[in-house]
Structures are given as C-alpha cells and as structure tokens.
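Report on the following structure.
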Amino acid sequence: MGRLQAIYDKMPICIQNLMTSVSGYQKCRQRYGKAYYERRQFLKTFDELSLEEKLNYQREKLWEFIRFTKKNSTFYQKLYKDINIDELSTIEDLKKLPIVDKEMLRANIEEVYTIPKNLAVESHTGGTTGKSLTVRGIKEDMMYRMATLDHFKARFGFENRKMKRATFNGKHIVPPGQKKKVFWRYNRACKQMIYSSFHITEENLSAYVKSLNSFKPAAIDGFFTSMCDVASFIERNNIKLAFKPIAIFPTSETVTESGRELLTRVFGCEVYDQYASSEGAPFITECVEHRLHTELSTGVFEHFTDGSDEVLVTSFVTRGTPLIRYKIGDCVAFSNNTEICKCGRHDTYITGIQGRRLDYLYTADGAKINAGNVSNIFKNLPNVIIRSQAIQKKLGEITILLEVDKKLYKPKYDEIIRDEFKHKFGNDTEIILRHVDCIPREKSGKFKFIVNEVNTNN
Ligand SMILES: [Zn+2]
C-alpha cells in the first residue's frame with residue numbers, strides 16, 4: 001500500500017476518485033462472489049425458521065467447525081489432544097474445551113492458521129490493548145460475513161451496492177497538504193462516498209454537509225463519533241437537509257444514547273447498531289424494535305463466569321484463523337428475558353455491548369463507570385459541546401478535554417459538568433476541565449471518547 005498511497009497522494013482529485021473506484025472493484029471481486037449470493041439467499045430462509053430449527057443448525061455448525069479446526073490447525077490439535085471431540089455434540093459440551101485468550105493466539109499464531117498466506121485474505125487487528133494480530137481468512141468466510149452484514153441492512157430496506165451510501169472511516173483519502181476543501185472520494189463500485197474522519201473540524205464541516213446534501217445517501221455508516229460531529233454541526237447551524245436516509249449504521253465505536261438521539265433527530269431516521277470485531281467474532285445485530293440479538297447462524301457467545309460480562313466467542317466464519325471459546329475482551333450483557341421479540345426473531349436478547357474493556361473510567365476506589373454512563377454526564381447541557389474526551393492516568397483524577405461551540409458555550413456549563421462528574425465519581429476524584437481547540441483522533445481515524453491509561457500494562 002505504501003507505494004500506491006504515494007502515487008495516489010500526488011494525483012489530482014479526479015484521478016484519486018478513479019483509483020478509489022478501481023480499488024473498490026477489486027475488493028468487490030473478493031467480497032461478492034457466488035458464496036455471497038448463496039449466503040444472502042440462505043439468510044433469508046434462516047430468518048423464517050423456528051427457534052428450535054435455528055438452534056439445531058447452530059449446534060451442527062458448531063461441531064462441524066470444531067472438527068474442521070482440530071484437523072487443520074496445529075495449535076488446536078495440541079490444545080485438544082486429550083479431548084475426544086467425537087463424543088461431544090451439544091452447545092453445553094463446548095464448556096469442556098479450554099479457553100483461548102489473545103496472548104495465546106498471538107504467541108502461537110503461525111500454528112493457529114489453517115491456510116497458507118497465499119490462499120488467505122489477510123486483515124490486521126490493532127486495538128486498544130496494543131497487541132496487534134494478523135488474521136488469515138478464507139475467501140468464502142469473508143463473503144459469508146459480508147452477506148450477514150448486508151442482510152442485516154436489507155432487513156430495514158437498505159440494499160448495499162444498489163443504493164447510495166455515505167461512509168465515515170479511517171481511510172487516508174485526503175493527502176497531507178491538500179488545499180481544496182474536498183474531504184471525500186467516490187467509490188463507484190459500491191455507490192459509496194467515503195468521507196475522511198481526520199478532517200472533521202468546525203471550519204471544514206460546512207463543506208461536509210454541502211457534499212452530503214448533493215450526494216443524498218440512502219444510508220450513512222462508519223464511525224459513530226464522526227456522524228455525531230456532523231449531526232451536531234447541522235443542528236447548531238439550523239441547516240436544512242436535502243435528503244432523508246433509510247437508516248444509519250454505526251460501526252467500530254460505542255454507540256451512546258445521547259448520540260443516537262442526536263442522529264435520529266437530525267437525519268430523521270433510525271440508528272441500527274451491530275457488533276462484529278475485526279478478528280471475526282460472531283454477529284450481534286439490532287432489530288427493528290431496537291433490541292440486540294445474536295445472529296445464531298454466525299457462531300456462539302458464552303458468558304464468561306468470572307463476575308464480569310466478558311464473553312467467549314466461537315465464530316464459524318473464522319476457518320482461516322479459528323476462534324473457539326476465545327476471550328475477545330468485549331463485554332456483552334445477556335438478558336434473562338425469554339419473551340418473543342416483536343420483530344419475530346426469538347433468539348437471545350442482549351441488553352448491552354460494553355465494547356472494549358478500556359471503555360470505562362474508574363472511581364477513586366476502583367469501581368468502573370462505563371462509557372455510556374460517562375457520556376450521559378453531558379446530557380443536561382444544550383448542544384454546545386462539539387467533542388469531549390475523558391482521560392484518566394491514575395485513580396482519583398480525570399482530565400476532561402472539551403471542544404466547545406464558543407458562540408454558545410457559557411462559563412456556568414463548566415460547573416454543571418463538574419457537578420455531574422462529582423455525582424458519578426464522588427468527591428475523591430479531582431476533575432480537571434480543559435478547553436482546547438481540537439481534540440485529535442487516533443491514528444486509525446477513530447475517536448476515543450475515553451482514554452483510560454490506568455493499568456495499561458496488563
Ligand atoms: Zn427483535
């Protein structure tokens with residue numbers, strides 16, 4: 001990518017659009033082959049099955065996947081050497097297999113792979129923990145994942161690649177030093193306008209909104225915080241939108257209630273969240289009733305019983321780098337509610353996805369306050385905060401960076417924020433408020449609402 005990026009950076013914008021589309025067409029060939037279309041068809045019929053039929057399918061796929069893994073992965077062969085897989089057949093039996101964590105996977109990755117590099121689709125996962133991992137995938141599995149994602153969107157009436165989509169992501173589409181205020185490139189292959197997350201500033205936002213208004217996307221997806229920045233700007237400046245998307249599909253970042261309300265208010269459409277990590281976890285998707293369900297066709301989630309809500313995932317579509325009882329580091333809260341959801345899907349409810357473990361702050365005595373709760377602190381303010389970031393380096397002290405709308409922000413708001421924080425974190429935590437012009441994004445383009453640097457050594 002390095003050399004291609006260097007060539008790209010020197011080209012005029014129209015050629016960059018062309019290069020974006022060419023790369024889009026190449027990706028499409030990888031993602032939308034025969035297996036993709038067959039899977040889309042399968043998922044439509046799968047949705048119509050009874051819960052019992054779905055669970056049967058899940059159980060069969062589970063053991064088929066584990067037998068495949070034991071046969072093809074040296075790491076799992078060694079791990080399961082004293083276990084007779086053929087005697088196991090239920091979802092409960094899964095508990096008889098050992099748990100795998102990130103460090104085990106990283107340290108043995110060459111032995112975990114079931115396929116050579118030249119046959120694999122590689123993806124890299126970075127992450128909050130600082131560990132990075134190259135995951136090898138089988139082409140067909142990649143198509144299955146795309147089909148699941150597109151099927152999820154199609155449930156609400158959005159058909160990927162047939163309808164226009166605006167995406168806010170971390171791609172470096174705008175070369176450094178570009179003078180023109182054009183922070184987007186068009187990927188014709190997917191009818192997708194890609195917007196840079198790195199250039200969203202108060203100064204540039206009106207250009208973003210103008211572009212959206214002329215593009216008129218049928219859906220918006222990508223980084224949640226970027227979409228919220230755009231929405232907040234539209235609202236604060238009373239800008240009229242020339243389009244109404246079918247839905248908004250955030251990815252990668254924690255969806256907060258206040259942000260969700262803002263997007264719904266401004267764009268006049270609903271927000272539907274989904275979860276699937278880059279390592280290839282099974283899917284959790286939000287339904288039309290705004291409840292979260294596991295997608296039983298993609299894998300198994302297990303509650304990890306150590307008191308936290310951390311989950312173990314077993315993901316059927318990770319045959320290249322199999323994940324079985326993998327401690328992925330995310331927290332998922334399962335509900336005991338067994339009533340059938342009005343959407344017609346009757347699989348397990350999820351009451352919340354906490355995202356990455358570091359998505360929380362500590363109180364002075366070490367209790368965790370999660371990102372959702374922290375973002376609620378700003379709920380009682382009018383729409384005057386453009387962005388905020390809470391940084392914790394040690395217990396008993398939290399620094400809040402605030403990027404505010406200077407025209408609307410009043411000094412008394414500082415006191416309100418301080419007061420709200422005190423109510424959540426107690427008097428033993430010192431709250432330092434700092435007003436800044438711009439809070440930088442991560443290298444990946446994601447915006448971190450919470451930076452927790454306590455205990456980063458584990
Ligand atoms: Zn539902």
Side-chain angles (χ1 to χ4, degrees), residues 55-127 129-142 144-145 276-283 294-332 334 348 357 458:
L55 291 172
N56 273 336
Y57 172 89
Q58 187 194 37
R59 191 170 43 77
E60 275 169 26
K61 279 289 146 198
L62 172 67
W63 292 101
E64 188 184 306
F65 170 60
I66 291 174
R67 281 193 297 272
F68 167 89
T69 300
K70 193 178 175 191
K71 199 172 149 205
N72 296 289
S73 159
T74 316
F75 170 76
Y76 282 98
Q77 252 159 40
K78 287 182 189 164
L79 195 66
Y80 297 162
K81 67 179 187 320
D82 298 324
I83 302 167
N84 187 354
I85 300 288
D86 293 328
E87 281 176 3
L88 309 178
S89 64
T90 65
I91 296 282
E92 272 302 297
D93 282 343
L94 192 52
K95 293 199 168 49
K96 293 175 183 157
L97 304 180
I99 290 167
V100 173
D101 67 22
K102 248 177 209 176
E103 181 50 28
M104 282 164 84
L105 211 63
R106 195 200 56 76
N108 301 288
I109 196 71
E110 288 297 328
E111 292 198 338
V112 175
Y113 296 143
T114 64
I115 44 168
K117 192 179 160 79
N118 59 341
L119 293 179
V121 184
E122 285 195 330
S123 59
H124 305 273
T125 81
T129 55
K131 284 190 173 69
S132 67
L133 209 59
T134 301
V135 174
R136 282 184 196 165
I138 291 176
K139 248 185 207 156
E140 200 178 53
D141 281 352
M142 177 128 161
Y144 281 2
R145 293 181 67 75
S277 84
S278 44
E279 280 122 306
F283 283 75
T294 54
E295 296 277 357
L296 296 174
S297 62
T298 60
V300 179
F301 286 91
E302 285 177 83
H303 216 147
F304 185 54
T305 46
D306 68 342
S308 72
D309 278 329
E310 251 191 79
V311 279
L312 301 178
V313 299
T314 300
S315 179
F316 307 156
V317 287
T318 56
R319 283 175 295 177
T321 311
L323 300 181
I324 300 174
R325 303 205 81 203
Y326 177 55
K327 207 168 165 223
I328 198 160
D330 291 342
C331 295
V332 175
F334 294 89
T348 327
R357 257 180 312 169
N458 62 22

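Predicted model, so just to flag it, every value in this text is computed and none were measured.
- Without hydrogens or angle criteria, T318 side chain to G280 main chain gives no donor-acceptor distance under 3.5 Å.
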Intermediate values then yes/no, side chain to side chain contact (heavy atoms under 4.5 Å, CB included), L79 and M104: CA-CA 11 Å; L79 195 66; M104 282 164 84; 4.1 Å; yes
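- Y76 places a side-chain N or O within donor-acceptor distance of the main-chain N or O of P322, the cut-off being under 3.5 Å.
- Distance OG1/T69 to CD/E64: 10.5 Å, rounded to 0.5 Å.
- Here the closest heavy-atom approach between residue R59 and residue I91 is recorded as CA-CD1, 4.1 Å.
- Using modelled atom types, one side-chain atom of Q58 and one backbone atom of G299 make a donor-acceptor pair closer than 3.5 Å.
- Put simply, the side chain of T114 gets close to the backbone of R319: a donor and an acceptor are under 3.5 Å apart.
- With L312 as the partner, the side chain to side chain contact (heavy atoms under 4.5 Å, CB included) test is satisfied by one option alone out of I99, V100, D101, V300: I99.
- The CZ atom of F65 sits 6.5 Å away from atom OG of S315, with the distance rounded to the nearest 0.5 Å.
- The distance from atom CG of L323 to atom CZ of F316, rounded to the nearest 0.5 Å, is 12.0 Å.
- Rounded to the nearest 0.5 angstrom, K95 NZ and L88 CG are separated by 13.0 Å.
- Smallest separation of non-hydrogen atoms from F283 and F301: O-CE1, 3.8 Å.
- In this structure, CZ on R136 lies 6.5 Å from NZ on K117, to the nearest 0.5 angstrom.
- Using a distance-only test at 3.5 Å, with no hydrogens or angles considered, no donor-acceptor pair links the side chain of E302 to the main chain of V311.
- When all heavy atoms of K71 and Q77 are compared, the closest pair comes out as O-NE2, 3.0 Å.
- Between P282 and V313, the shortest heavy-atom distance links the atoms CD-CB, 3.6 Å.
- Of the possible donor and acceptor atoms, one in the side chain of R325 sits under 3.5 Å from a partner among the backbone N and O of L97.
- In this structure, R67 contributes its side chain and I85 its backbone to no donor-acceptor pair below 3.5 Å.
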Working for side chain to side chain contact (heavy atoms under 4.5 Å, CB included), residues E110 and F75: CA-CA 8 Å; E110 288 297 328; F75 170 76; over 6 Å; no
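- For the atom pair OG (S73) and CD1 (I66), the distance works out to 12.5 Å, reported to the nearest 0.5 Å.
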